[in-house]
Amino acid sequence: MKTETSSHLSAEQFARLQRLSALPDEAIDTTDIPEVTNWTDAKGGLFFTGPEDKVAVGLDSDLVGWFESHSSSGEESETRINQALRAYVTEQAKKAG
């Protein structure tokens, strides 16, 4: 377990997680966690950034403002901008190919 991502945990919480991570999968009781079988509302690739490097891009403030005003709760405008650009590039590639 990475301690830098768990620095906000109490010592007791961290110890519990360490004990849990030491257990084999079959020893962990997951009966209170229902298995997800309906993935129709799943958003593919939402957290996958791919192997490419991130770059800074200067965007006009009105464009950023539009994406911010059209982003749903908790959704980052950067993610929406990236999705829009990816959709545009994919469509252009289809037209060219």
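Since this is a predicted model, take the numbers as computed values, not measurements. For the numbers below, each heavy atom of this structure counts, side chains included, while hydrogens, waters and symmetry mates do not.
- By the side-chain hydrogen bond (donor to acceptor under 3.5 Å, both in side chains) test, E68 is found to be paired with no residue, residues two or more places apart in sequence or in another chain being considered.
- A search for side chain to side chain contact (heavy atoms under 4.5 Å, CB included) contacts involving E26 returns P24, not counting sequence neighbours.
- To the nearest 0.5 angstrom, I81 atom CD1 is 10.0 Å from W66 atom CH2.
- For N38, the side-chain hydrogen bond (donor to acceptor under 3.5 Å, both in side chains) test picks out T40, with sequence neighbours left out.
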Would you tabulate the side-chain donor-acceptor contacts of residues 55-63 under 3.5 Å, counting partners in other chains and residues two or more places apart, or write 'none'?
none

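- Surrounding CD of E12 are at most 12 heavy atoms belonging to other residues, nucleotides or ligands under 6.0 Å away.
- Listed by chain and residue number, nothing satisfies the side chain to side chain contact (heavy atoms under 4.5 Å, CB included) test with P34 (two or more places apart in sequence, or in another chain).
- Annotation for R80 and H70: closest pair NH1-O, 2.9 Å, computed over non-hydrogen atoms.
- E78 is linked by a side chain to side chain contact (heavy atoms under 4.5 Å, CB included) to nothing, counting only residues two or more places apart in sequence or in another chain.
- Contacts of T31 classified as side-chain hydrogen bond (donor to acceptor under 3.5 Å, both in side chains), with partners at least two apart in sequence or in another chain: D29.
- Residue D25 qualifies as open at atom CG: its count of foreign heavy atoms under 6.0 Å is 12 or below.
- With hydrogens and angles disregarded, a donor-acceptor distance shorter than 3.5 Å links the side chain of S10 to the backbone of Q13.
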